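Structure, as structure tokens:
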Amino acid sequence: MVQIYNSLTGQKEYFTPVEPGKARMYVCGMTVYDYCHVGHARVMVVFDVVARYLRWRGYDVTYVRNITDIDDKIIKRAADNAEPASQLTERYIDAMHEDATALGVLPPDVEPRATESMAEIVTMVRTLLDNGYAYQGANGDVYYDVSRFAPYGALSRESLDDQRVGARVEVDENKHDPLDFVLWKAAKPGEPSWESPWGPGRPGWHIECSAMSTRCLGNHFDIHGGGIDLKFPHHENEIAQSEAATGHKFVNVWMHNGFVQIDEEKMSKSLGNFFTVREVLGQYSPEVVRYFILASHYRSPLNYSTENLEQAGAALDRFYTALRDAPAAAADGDETFCQRFQAAMDDDFNTPEALSVLFDAVRELNRAKTSGDAQRAAGLVASLRTLGGTLGILQGDPEQFLKGTAQTQSGISEVDIEGLIAERDEARRNKDWAESDRIRDELQAHGITLEDGTGGTRWRKG
RNA sequence: GGCUGGGUGGCAGAGUGGCUAUGCAGCGGCCUGCAAAGCCGUGGACGUCGGUUCGAUUCCGGCCCCAGCCUCCA
């Protein structure tokens, strides 16, 4: 059985869906006013693996990942650019989809946008007002009254009083309590707005997720995920809004992935120490980035460094070297490795452990290849490709992966490489080892490594 | 100050009350013209102080240190 660490209870729990056989999952996606950075990539990859794995385990998964396409930052950025907000968001939504596709992230089943969910948002705000969980301030904004929701603080495990002690929120005379938060924000002149019973305005950040998730998945669903920085206040507020509005339990399992860090510090837009996905993909293949993310457990911090990216590349080289020259995958994989892999993944999606199982399979595959046991090798290839598939890796052509984008990076074309190899073959036939080694060194200087095998000489990057 | 997670061998990173994690790097061997790749073998670890236990890196407690949240942030 799959076990998942539930942030709400602070422990691993066996996954028991609301509806047997189904898994309904909502993940907080991006606010689209800029390019995705590696932190966003981590969320996308991590929950992509959760969805893939649950499907592989036989669940009928509905995966919803929203897009926040209206908020203060978007408005500000659009104003700075002197362009309509919608034009700005369209551009970054396209960019996000490109990044996701490059990283092998499968599209979610539903990708709702805040601006397309206004009816549900307004309805939910109205319900909260009608039920006495919200009030309208003198400035026209509608606020959630935190004191009315008794379980407030359950997710962050802090009482209201404790939170007020450390509160850094600005004093706002429109609010009854500093911890109250905006549900509906009245529009200032020139700002994008939507009609509502409280005048033209836009939704607060938290309400849109409550509205979109319950609209797409029902009042009560299985998994809600996002970065750990969303735990408070965003997710805490979602619970307060949703449960107060629907009267139902909102979410069973809360999943939060850890940060990407740089030099032991959180990568974030506010700190400015971030790398965008497209920057990184300019230097490393998407599969390397994906492997780098999965080589750490999703709840741990992930330290971004060139060294760690290089290590991810080296690990994939080993996989693809084993896969190269291997027989075609058999119909069935190896039972033992499959079980070990499943046990690792069942334990709160322990991808590092799962990868170690795959490495053990690699050793077996290399042995089988050496001993000429084609049947065994074919079974192991099947295991690697199927199990790798649930992680979204090892689906490529080995030769292509190992040669990489050597031509563009090393400044030497594939034709030239082949030419030099032919020259070196000639030298080797003449036992001119000096010339042979000279050519090999020359290629190595271009980042090309040669391997002399029984079937001739082959090359790879690295 | 409150709350969350952590501190594992040269690096990355899992895990376990007594038995090899895994990958990269190192060392020895096989293979090779020499290499590379691969295989075989091998060294090296669990922040600190106490406690529980026949035995703790693993459980409990104190302490130290790190990261994060408490304000927009994946």
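Keep in mind it's a predicted model, so treat the numbers as computed, not measured. Convention: sequence-line order gives letters A, B, ...; per-chain numbering from 1.
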Quiz item: Among the nucleotides B/A35, B/U4, B/A36, which one has an atom lying closest to any side-chain atom of A/Lys231?
Solution: B/U4
Self-check item: Dot-bracket line, read 5' to 3' along RNA chain B, where crossing pairs take [ ] and | marks a partner on another strand, Watson-Crick or G-U under 3.5 Å
Solution: (((((((..(((.....[...))).(((((.......)))))....(((((..]....))))))))))))....
Self-check item: Donor-acceptor pair (no angle test) under 3.5 Å: A/Lys269 side chain, B/C72 base
Solution: no
Practice problem: Only pairs at least two apart or in different chains count here, so list each ring pair (Phe, Tyr, Trp, His ring centres under 6.0 Å) that has a residue in residues 370-393 of chain A. | Solution: none
Quiz item: What about A/Asp229: does its side chain form a donor-acceptor pair under 3.5 Å with the base of B/G68?
Solution: no
Self-check item: A/Arg324 bridged to A/Asp397 by N-O distance under 4.0 Å
Solution: no
Quiz item: Can you name the residues that form a salt bridge (charged side-chain N to carboxylate O under 4.0 Å, His left out) with A/Asp325, not counting sequence neighbours?
Solution: A/Arg458
Quiz item: For A/Trp205 and B/C73, is the shortest distance between a side-chain N/O and OP1 or OP2 below 4.0 Å?
Solution: yes
Quiz item: Would you say the base of B/C34 and the side-chain of A/Asp452 have a donor-acceptor pair closer than 3.5 Å?
Solution: yes
Quiz item: Looking only at side-chain N and O atoms, does A/Asn366 come under 4.0 Å of OP1 or OP2 in B/C39?
Solution: yes
Shorter than 3.5 Å, N or O on both sides, protein versus nucleotides 23-30 of chain B: list them out with atom names.
residue: B/G23; atom: OP1; partner: A/Arg363; partner atom: NH2; Å: 3.2
residue: B/G23; atom: N2; partner: A/Gln311; partner atom: OE1; Å: 2.5
residue: B/G23; atom: N2; partner: A/Gln311; partner atom: NE2; Å: 3.4

With a 3.5 Å cut-off and sequence neighbours excluded, list the donor-acceptor pairs that the side chains of residues 266-277 of chain A form with protein atoms.
residue: A/Ser268; atom: OG; partner: A/Leu271; partner atom: N; Å: 3.1
residue: A/Asn273; atom: OD1; partner: A/Ser268; partner atom: N; Å: 3.0
residue: A/Asn273; atom: ND2; partner: A/Lys266; partner atom: O; Å: 2.9
residue: A/Thr276; atom: OG1; partner: A/Glu279; partner atom: N; Å: 3.1
residue: A/Thr276; atom: OG1; partner: A/Glu279; partner atom: OE1; Å: 3.2

Collect all protein-nucleotide pairs involving nucleotides 5-7 of chain B in which both atoms are nitrogen or oxygen and the distance is under 3.5 Å.
residue: B/G5; atom: OP1; partner: A/Tyr5; partner atom: OH; Å: 3.1

Quiz item: Do A/Asp71 and A/Thr31 have side-chain N/O donor and acceptor atoms under 3.5 Å apart?
Solution: no
Quiz item: salt bridge (charged side-chain N to carboxylate O under 4.0 Å, His left out) with A/Asp177: which residues, sequence neighbours excluded?
Solution: A/Arg164
Exercise. Enumerate the residues from residues 334-355 of chain A whose closest heavy atom to RNA chain B is under 4.0 Å, giving them by residue number; use none for an empty result.
Key: A/Asn350, A/Pro352, A/Glu353
Self-check item: Charged N-O contact under 4.0 Å between A/Asp80 and A/Arg77
Solution: no
Quiz item: Using 4.0 Å as the upper bound for N to carboxylate O, is an ion pair formed by A/Asp425 and A/Arg429?
Solution: no
Practice problem: Pull out every residue in residues 38-48 of chain A that has a heavy atom closer than 4.0 Å to any atom of RNA chain B, ordered by number, or say none. | Solution: A/Gly39, A/His40, A/Val43
Exercise. Give, ordered by number, those residues of residues 376-385 of chain A having at least one heavy-atom distance below 4.0 Å to an atom of RNA chain B; if nothing qualifies, reply none.
Key: none
Quiz item: With rounding to whole Å, what would you report as the distance between B/A74 and B/G17 at their C1' atoms?
Solution: 38 Å
Sequence neighbours left out, cut at 3.5 Å: what donor-acceptor pairs do the side chains of residues 146-156 of chain A make with other protein atoms?
residue: A/Ser147; atom: OG; partner: A/Asp145; partner atom: OD1; Å: 2.7
residue: A/Arg148; atom: NH1; partner: A/Gly132; partner atom: O; Å: 2.5
residue: A/Tyr152; atom: OH; partner: A/Asn237; partner atom: OD1; Å: 2.5
residue: A/Ser156; atom: OG; partner: A/Glu236; partner atom: OE1; Å: 2.6

Quiz item: Can you list every side chain to side chain donor-acceptor pair (under 3.5 Å) pair that touches residues 32-44 of chain A, not counting sequence neighbours?
Solution: none
